[in-house]
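Shown next, in structure tokens, is the structure this report addresses.
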Amino acid sequence: MNINSITLDTSSLLKVNSDNSKNNINFEEYLKKALDRVNEKQVEAENATIDLITGQAQDIHQVMLSTEEARLTLELAVQIRNKLVDAYQEIMRIQI
């Protein structure tokens, strides 16, 4: 049985158009911004809870909304991380 090798021309995939390079964002920056937003939601929820406990906030509905939003954003971040780890592990299992 003869197996032919597969070659990919990655040069076209790695080229960045100089006109659009200012609009492009790399993965590291995107990930950092997304995690910063998750952290901001957590801090907002904590501050809203503290305000409710100390009596500065009277709207429990808004506090519950911010807390639930923070919980959901954290859960989403964890699920995305799990998918990225699974994808990395799958790539590492590929035999060359």
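Values below: all heavy atoms of this structure, side chains included; hydrogens, waters and symmetry mates excluded.
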Salt-bridge contact R71-E75 (side-chain N to carboxylate O under 4.0 Å)
yes
I want to check something: taking the side chain as every heavy atom from C-beta on, are E68 and L72 in contact at a cut-off of under 4.5 Å?
yes
Rounded to the nearest 0.5 Å, what's the gap from CG on D51 to CG on D59? Could you check?
12.0 Å
Got K41 and E44 here, is their nearest side-chain heavy-atom distance under 4.5 Å?
yes
With a 4.5 Å cut-off on side-chain heavy atoms, are E46 and T49 touching?
no
Atom CG of D36 and atom CD of E29: how far apart are they, to the nearest 0.5 Å?
11.5 Å
Transitively linked via ILVMFWY side-chain contacts under 4.5 Å: I80 with L35?
yes
Let me see the working for L65 and E69 under side-chain contact (heavy atoms from CB on, under 4.5 Å), right down to the final yes or no.
CA-CA 6 Å; L65 283 175; E69 187 176 2; over 6 Å; no
Distance-minimising heavy-atom pair for A57 and L52
O-CD1, 3.4 Å
For atom CD of E28, decide whether the heavy atoms of other residues, nucleotides or ligands shown that lie under 6.0 angstrom number more than 12.
no
Using 0.5 Å steps for rounding, measure from the CE atom of M64 to the OG1 atom of T67.
6.0 Å
Common cluster, L76/L31, ILVMFWY with side-chain heavy-atom separation under 4.5 Å
yes
Whether R93 and E90 form a salt bridge (side-chain N of Lys/Arg under 4.0 Å from carboxylate O of Asp/Glu) is what I want to check.
yes
Where do A70 and Q42 come nearest, in terms of heavy atoms and distance?
O-NE2, 2.7 Å
Could you tell me which non-hydrogen atom of A48 sits nearest to which non-hydrogen atom of S66, and how far apart they are?
CB-OG, 3.6 Å
In the structure I gave you, are the side-chain heavy atoms of N82 and Q79 within less than 4.5 Å of one another anywhere?
yes
